Amino acid sequence: MPELADKVDRLFKTILTNGREYSYEEVARGCSEQSGGTFSKTYVWQLRTGQRDNPTKRHLEALAAFFRVPAAYFFDDVAADRIDAQLALASALGNADVRDIALRAMSMDDSGRKHLARIIHEVSQLHSAASGHPRPDGAARADGGRDGTEGAEGRG
């Protein structure tokens, strides 16, 4: 299970405001409003960096409310994994190019989406080969392959 600090840090890094991370002051103010109690920016920093790792349930609920995630994120490993996957998707969709591809894919039929997935897979494999990372399937590289034969661009 990720430590509390890892979870808080992940929230800061993935749930942005105007394309930037919330400040400690913004989070502290928002949590104070959520909980009706007091939060300081130093306390938020301590939670994020692991300097403090035993907050009250009320504090965790306020953090969850501020970042708009279920409080179970802090209490339930299964829920945390599911929420982390949703945060990763939301973060990816924050990229305009990824969002454009996803929106276009939504308008396709199943066959079109399968073709698009294959194209994306092939481009990913070419990128891996170009960056020097071996392909996990052992297939030939785009630069002519392991044996000097014709590369992917010459395949028909």
Side-chain angles (χ1 to χ4, degrees), residues 1-139 142:
M1 175 176 121
E3 298 291 324
L4 173 64
D6 294 334
K7 290 179 179 182
V8 174
D9 184 56
R10 191 170 303 112
L11 293 175
F12 268 91
K13 289 180 177 178
T14 58
I15 300 175
L16 307 176
T17 180
N18 299 320
R20 65 166 178 82
E21 288 185 9
Y22 282 98
S23 70
Y24 294 118
E25 178 66 35
E26 290 169 319
V27 175
R29 190 176 337 108
C31 287
S32 292
E33 292 170 4
Q34 294 289 334
S35 69
T38 59
F39 258 74
S40 71
K41 64 183 178 181
T42 301
Y43 182 65
V44 174
W45 172 82
Q46 289 172 331
L47 291 174
R48 185 177 185 186
T49 61
Q51 302 294 316
R52 298 278 301 265
D53 62 359
N54 194 19
T56 66
K57 181 179 181 217
R58 184 179 55 117
H59 284 147
L60 293 177
E61 289 170 341
L63 275 170
F66 177 82
F67 284 109
R68 297 174 306 280
V69 298
Y73 181 68
F74 294 111
F75 303 108
D76 179 338
D77 292 345
V78 174
D81 289 343
R82 180 180 44 80
I83 294 164
D84 281 340
Q86 292 170 345
L87 291 173
L89 176 60
S91 180
L93 290 175
N95 178 298
D97 292 333
V98 172
R99 189 173 49 250
D100 183 53
I101 290 168
L103 291 172
R104 289 173 188 264
M106 286 177 56
S107 68
M108 296 177 178
D109 61 12
D110 285 343
S111 175
R113 280 190 294 276
K114 286 179 184 175
H115 288 298
L116 179 60
R118 182 175 169 91
I119 291 167
I120 290 171
H121 176 76
E122 289 295 322
V123 170
S124 176
Q125 294 297 325
L126 291 171
H127 176 70
S128 292
S131 66
H133 295 93
R135 291 174 60 165
D137 60 5

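Nothing here was measured: the structure is a model prediction, and the numbers come from that model.
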Tyr24 ring center within less than 6.0 Å of Phe12 ring center:
yes
Can you find a pair of side-chain heavy atoms, one from Leu63 and one from Leu11, that are under 4.5 Å apart?
no
With a 4.5 Å cut-off on side-chain heavy atoms, are Val44 and Cys31 touching?
no
When every non-hydrogen atom of Tyr43 is compared with those of Thr56, the smallest separation belongs to OH-N, 4.4 Å
Rounded at 0.5 Å granularity, tell me how far CD in Gln86 sits from OG in Ser91.
13.5 Å
Given the rule in the side-chain contact (heavy atoms from CB on, under 4.5 Å) test, do Lys57 and Phe75 qualify, once you have shown the distances and angles that lead to the verdict?
CA-CA 9 Å; Lys57 181 179 181 217; Phe75 303 108; 3.9 Å; yes
First locate atom OG of Ser23, then atom NZ of Lys41, and finally report the distance between them rounded to the nearest 0.5 Å.
8.0 Å
Hey, could you give me the CD/CG distance between Glu3 and Asp9, rounded to the nearest 0.5 Å?
12.5 Å
Does atom CZ (Arg118) have a neighbourhood of more than 12 heavy atoms from anything else shown, all under 6.0 Å?
no
Rounded to the nearest 0.5 Å, the OG1 atom of Thr42 sits from the CZ atom of Arg52 at a distance of 10.5 Å
Which heavy atom of Ile15 sits nearest to which heavy atom of Arg68, and what is that distance?
CG2-NH2, 3.7 Å
Step by step, work out the salt bridge (Lys or Arg N to Asp or Glu O under 4.0 Å) result for Lys114 and Asp110.
CA-CA 6 Å; Lys114 286 179 184 175; Asp110 285 343; over 6 Å; no
Quick check against the 3.5 Å criterion: does Ser32 have a side-chain atom that pairs as donor or acceptor with the backbone of Ala28?
yes
Is there a side-chain contact (heavy atoms from CB on, under 4.5 Å) between Tyr73 and Leu60 once you walk through the steps?
CA-CA 9 Å; Tyr73 181 68; Leu60 293 177; over 6 Å; no
Using a 3.5 Å distance criterion without hydrogens, assess whether the side chain of Arg113 forms a donor-acceptor pair with backbone atoms of Met108.
yes
Looking only at heavy atoms, which two atoms of Ala64 and Ala71 are closest? And how far apart?
CB-CA, 3.6 Å
Do Phe66 and Tyr22 have ring centroids that are under 6.0 Å from one another?
yes
Hey, does the side chain of Ser128 reach the backbone of Ser124 with a donor-acceptor pair shorter than 3.5 angstrom?
yes
Working to the nearest 0.5 angstrom, can you tell me the gap between Asn54 CG and Leu47 CG?
10.0 Å
Is it the case that atom CZ in Arg104 sees more than 12 heavy atoms from other parts of the structure closer than 6.0 Å?
no
Of all heavy-atom pairs between Glu26 and Glu21, which one has the smallest distance, and what is that distance?
OE1-O, 4.4 Å
How long is the gap from NE2 on His59 to OG on Ser35, to the nearest 0.5 Å?
6.0 Å
